[in-house]
Amino acid sequence: MGVPAAAQAAGPAGMPTYTYLRDALKLPLRYNPTGEFIFPCIRGVYDKVSGARSRYYLYYAPHEKPGGICVAGADSLDGPFSEYSNNPIIDNVLPSTTVSHVSSPHVTWDAATKQFFLYFHGENTTTRVARSSDGLTFRDETPILSTRLVPGLTETSYARVFEQAIPGRGNKYTMVYMGVLAGKRRIYHGWSPNGWDQWQFAQTPLVNPEPDGLTDISGPSLVVRNSTVYVAYHGNDGKMRLTEVGPSFDRENHLGVFYSPVASDNGRAAAPSFGTDGGVQYMFYEAGPRLGARICIARAA
């Protein structure tokens, strides 16, 4: 596939202009039950795991049943990434229960315990966490968020967790996730002192779709720059946007689109995960229609 024209110049908060580089995964894949993948999470492991299979691990999953948390590796963020031979690393048969599917992996490195925390959903009403010392073998799966903890929500999924303290809350980690309220997808947040337990969750949305002229938003990721905090996310129009929430998570300053789909994105770009390699900024994202997406790499100009 050729490289299309550069994405729309970003603008908001000085975000870089990201240009499609290539599809992330080296095909064919051994584990590919539904022919679609979503929610990439890119992590450098070269300075965390002795004898890591590659410098970078890319986590992803099918959305459709049965899902399955997967990983691929590469020594550069340019990719392409080679599939791990033992995928899926987490399937829908969990130690405590069996669910229809597991999806939306996000991995955070906890330096205090020298472990990776993997957040994922299964079912759509429940966000879970598991931990690993090597980024490949995860254990101790446990639910940490469900719809019963935020009354009115019918889904609590697509969570990402970042080391981000919020003044006055005694936390080290902050979660952003999609909650469905009255049939509309909105962005919510929670916080924890250690990323594993003692989670607390705000009862009202952090970012709403209406100021963007949308009905639904999802796939949130935190972006810290300019001495403040933003949420990057996608909307039901297929574009990715940026909203400032501030260091105290008490603002909702909608700044507009930072990435519009190019031809190869087939009308939709979603669920961004950001990384830097050799001083160059990258964005991993899902491209294509929901239930038919693939993982792509874009590089900053």
Applying a strict under-4.5 Å side-chain criterion to I, L, V, M, F, W and Y, I'd like to know whether [X] and [Y] cluster together.
{"X": "M178", "Y": "Y188", "result": "no"}
{"X": "L255", "Y": "V223", "result": "yes"}
{"X": "L118", "Y": "V99", "result": "yes"}
{"X": "F37", "Y": "Y84", "result": "no"}
{"X": "F120", "Y": "L145", "result": "no"}

With rounding to the nearest 0.5 Å, note down the distance linking [atom1] in [X] to [atom2] in [Y].
{"X": "Y119", "Y": "Y59", "atom1": "OH", "atom2": "OH", "result": "13.0 Å"}
{"X": "L77", "Y": "Y56", "atom1": "CG", "atom2": "OH", "result": "4.5 Å"}
{"X": "R160", "Y": "C41", "atom1": "CZ", "atom2": "SG", "result": "6.0 Å"}
{"X": "K114", "Y": "W109", "atom1": "NZ", "atom2": "CH2", "result": "7.0 Å"}
{"X": "D75", "Y": "R53", "atom1": "CG", "atom2": "CZ", "result": "13.0 Å"}
{"X": "S218", "Y": "Y177", "atom1": "OG", "atom2": "OH", "result": "12.0 Å"}

Could you check whether the rings of [X] and [Y] sit parallel, tilted or perpendicular, using 30° and 60° as the cut-offs?
{"X": "F258", "Y": "F274", "result": "tilted"}
{"X": "F81", "Y": "F284", "result": "perpendicular"}
{"X": "H63", "Y": "H101", "result": "tilted"}

Inset, instruction - Just do the side chain to side chain donor-acceptor pair (under 3.5 Å) check on Q115 and S133 with the steps written out, would you? - result: CA-CA 5 Å; Q115 295 182 103; S133 58; over 6 Å; no
Ignoring hydrogens, what is the shortest heavy-atom contact between [X] and [Y]? Give both atom names and the distance.
{"X": "V161", "Y": "M175", "result": "CG2-CB, 3.8 Å"}
{"X": "K239", "Y": "S260", "result": "CD-OG, 3.8 Å"}
{"X": "I90", "Y": "A130", "result": "CD1-CB, 4.2 Å"}
{"X": "S82", "Y": "K26", "result": "OG-NZ, 3.3 Å"}
{"X": "P220", "Y": "V231", "result": "CB-CG1, 3.8 Å"}
{"X": "V150", "Y": "A202", "result": "CG1-O, 3.9 Å"}

With a 4.5 Å limit on heavy-atom distance, are the side chains of [X] and [Y] in contact?
{"X": "I69", "Y": "P88", "answer": "no"}
{"X": "V180", "Y": "R186", "answer": "no"}
{"X": "L222", "Y": "Y230", "answer": "no"}
{"X": "T276", "Y": "Y282", "answer": "no"}
{"X": "I217", "Y": "I187", "answer": "yes"}
{"X": "D78", "Y": "I297", "answer": "no"}
{"X": "C296", "Y": "R22", "answer": "no"}
{"X": "E83", "Y": "R30", "answer": "yes"}

Inset, instruction - I would like to know whether F117 and V129 meet side chain to side chain contact (heavy atoms under 4.5 Å, CB included); could you show each step before the answer? - result: CA-CA 6 Å; F117 293 167; V129 66; 4.1 Å; yes
Inset, instruction - State whether the number of non-hydrogen atoms from other residues, nucleotides or ligands found under 6.0 Å of R148 atom CZ is greater than 12. - result: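 No, CZ of R148 has 12 or fewer neighbouring heavy atoms, counting only those of other groups under 6.0 Å.
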Inset, instruction - Inspect the contact between D216 and K184 and indicate whether a charged nitrogen and a carboxylate oxygen are less than 4.0 angstrom apart. - result: no
Legend entry - Salt-bridge present (R290, E64; N to O < 4.0 Å): no
Is there a donor-acceptor pair closer than 3.5 Å between any side-chain N or O of [X] and the backbone N or O of [Y]?
{"X": "T127", "Y": "A159", "answer": "no"}
{"X": "D91", "Y": "L94", "answer": "no"}
{"X": "H234", "Y": "A271", "answer": "yes"}
{"X": "S273", "Y": "I42", "answer": "yes"}
{"X": "S221", "Y": "A232", "answer": "no"}
{"X": "T125", "Y": "S146", "answer": "no"}
{"X": "D212", "Y": "L214", "answer": "no"}
{"X": "E252", "Y": "V245", "answer": "no"}
{"X": "E286", "Y": "F39", "answer": "yes"}
{"X": "N236", "Y": "T215", "answer": "yes"}

Legend entry - Verdict with reasoning, H121 to Y158, per ring-ring contact (aromatic ring centres under 6.0 Å, His included): CA-CA 7 Å; H121 77 254; Y158 300 104; 4.9 Å; yes
Inset, instruction - Kindly determine whether Y233 and T243 satisfy side chain to side chain donor-acceptor pair (under 3.5 Å), including the steps that lead there. - result: CA-CA 8 Å; Y233 54 92; T243 288; 2.8 Å; yes
Legend entry - Test side chain to side chain contact (heavy atoms under 4.5 Å, CB included) applied to F116 and D110, V107, T108, L136, the passing residue: V107
Test: [X] cationic atom under 6.0 Å from [Y] six-membered ring centre, within 45° of axis:
{"X": "R131", "Y": "W196", "value": "yes"}
{"X": "R55", "Y": "Y46", "value": "yes"}
{"X": "R268", "Y": "Y285", "value": "no"}

Legend entry - Criterion side chain to side chain contact (heavy atoms under 4.5 Å, CB included) on V102 and E123, from CA distance to verdict: CA-CA 7 Å; V102 292; E123 307 291 352; over 6 Å; no
Inset, instruction - Could you walk me through whether S132 and D134 pass the side chain to side chain donor-acceptor pair (under 3.5 Å) test, one step at a time? - result: CA-CA 6 Å; S132 169; D134 65 1; 2.8 Å; yes
Legend entry - Check: T228/N226 side-chain N/O donor and acceptor closer than 3.5 Å: no
Inset, instruction - For H189 and F162, run ring-ring contact (aromatic ring centres under 6.0 Å, His included): C-alpha distance rounded to whole Å, both residues' side-chain angles, the deciding distance at 0.1 Å, then the answer. - result: CA-CA 11 Å; H189 76 298; F162 301 85; over 10 Å; no
Legend entry - Pair Y259 + Y18: ring centers closer than 6.0 Å: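 That pair fails the under 6.0 Å test.
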Inset, instruction - Test L242 against M15 for side chain to side chain contact (heavy atoms under 4.5 Å, CB included), laying out the working first. - result: CA-CA 9 Å; L242 201 69; M15 287 284 282; 3.7 Å; yes
Legend entry - Working for side chain to side chain contact (heavy atoms under 4.5 Å, CB included), residues Q200 and R169: CA-CA 10 Å; Q200 299 182 65; R169 298 190 190 177; over 6 Å; no
